[in-house]
Amino acid sequence: MLEFFGVDFLDLWRGRLSLRRIGVLVQSLLMKPGRSTLLMAMDERARWAERDYLLARVSDALELSNYLFLKANVSENDARDLEFPSPIPRPGESEPQQPEAQPEFSNAQELSTFLGRINSL
């Protein structure tokens, strides 16, 4: 509190600071941008900065993109062995549930027929 507001907690015992004022100062600390030890103790998601969440999201999207690329460009036997990528665990969030059903992709014949119909229009 001394660092942000210039208020010493010892003033409570000296009679110059009330419990209500301490509550107001704590609420003000929680509203400040950035990370703090108090906020991390109250909310586990504050352990990561915004850039860490953005990097995790970019990493998850890149892994999904690589998975879809490999799934589309390998043989059907090899494609069955590919595992769906799991997202990076984030603090304060429960473990993500695995998707219930894997997406089904069209085979080469179905894709060729579809694209042929589009070209004939």
Side-chain angles (χ1 to χ4, degrees):
M1 296 278 202
L2 189 59
E3 179 182 351
F4 291 106
F5 303 112
V7 175
D8 190 4
F9 269 133
L10 291 177
D11 286 346
L12 178 65
W13 285 272
R14 295 178 188 138
R16 292 181 261 173
L17 187 63
S18 68
L19 287 175
R20 181 182 179 283
R21 178 73 177 141
I22 289 176
V24 168
L25 293 174
V26 167
Q27 289 299 320
S28 297
L29 279 177
L30 292 175
M31 299 301 171
K32 287 192 169 291
R35 298 184 302 166
S36 68
T37 305
L38 175 64
L39 189 56
M40 283 190 276
M42 296 181 76
D43 186 4
E44 201 174 302
R45 293 174 296 173
R47 292 184 187 274
W48 278 14
E50 186 176 351
R51 70 176 180 276
D52 298 329
Y53 281 101
L54 291 173
L55 283 171
R57 187 170 178 188
V58 167
S59 175
D60 291 344
L62 184 60
E63 284 187 31
L64 179 61
S65 174
N66 288 339
Y67 168 79
L68 293 174
F69 177 80
L70 288 173
K71 190 86 170 175
N73 291 302
V74 297
S75 68
E76 289 184 25
N77 291 337
D78 292 337
R80 288 187 202 120
D81 297 335
L82 290 175
E83 292 184 18
F84 193 81
S86 58
I88 294 175
R90 287 145 174 89
E93 294 181 3
S94 60
E95 289 293 319
Q97 296 180 3
Q98 293 295 327
E100 293 178 11
Q102 295 288 333
E104 292 184 27
F105 295 100
S106 301
N107 62 28
Q109 180 61 35
E110 293 171 337
L111 184 61
S112 175
T113 304
F114 174 75
L115 292 175
R117 276 189 266 147
I118 290 177
N119 278 340
S120 65
L121 295 178

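Owing to the predicted nature of the structure, the values given are computational and were not obtained by experimental measurement.
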Rounded to the nearest 0.5 Å, what separates atom CG in Asp78 from atom CG in Asn73? 12.0 Å
With [X], which residues qualify under side-chain contact (heavy atoms from CB on, under 4.5 Å), at least two apart?
X      : answer
Ala79  : Lys71, Val74
Ser112 : none
Gln109 : Asn107, Thr113
Arg80  : Glu76, Asn77

Indicate if Val24 and Phe5 have the same hydrophobic cluster label, given that clusters are the connected sets of ILVMFWY residues with side-chain heavy-atom separations under 4.5 angstrom. no
Just list the side-chain donor-acceptor pairs under 3.5 Å for residues 53-63, sequence neighbours left out, or say none.
from	atom 1	to	atom 2	distance (Å)
Tyr53	OH	Arg45	O	2.9
Asp60	OD1	Ile88	N	3.0
Asp60	OD2	Arg90	NH1	3.0
Asp60	OD2	Arg90	NH2	2.8

Contacts of type ring pair (Phe, Tyr, Trp, His ring centres under 6.0 Å), residue Tyr67, not counting sequence neighbours: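 In terms of ring pair (Phe, Tyr, Trp, His ring centres under 6.0 Å), with neighbours along the sequence ignored, Tyr67 is linked to Phe84.
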Heavy-atom count check: over 12 atoms from other residues, nucleotides or ligands less than 6.0 Å from Leu115 CG? yes
Looking at Phe105, I want to see if its CZ is surrounded by more than 12 non-hydrogen atoms of other residues, nucleotides or ligands under 6.0 Å.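 It does: Phe105 CZ has more than 12 such atoms within range.
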Residues that Arg14 engages under salt bridge (Lys or Arg N to Asp or Glu O under 4.0 Å), provided they are two or more places apart: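 For Arg14, the residues satisfying salt bridge (Lys or Arg N to Asp or Glu O under 4.0 Å) (neighbours in sequence not counted) are Asp8, Asp11.
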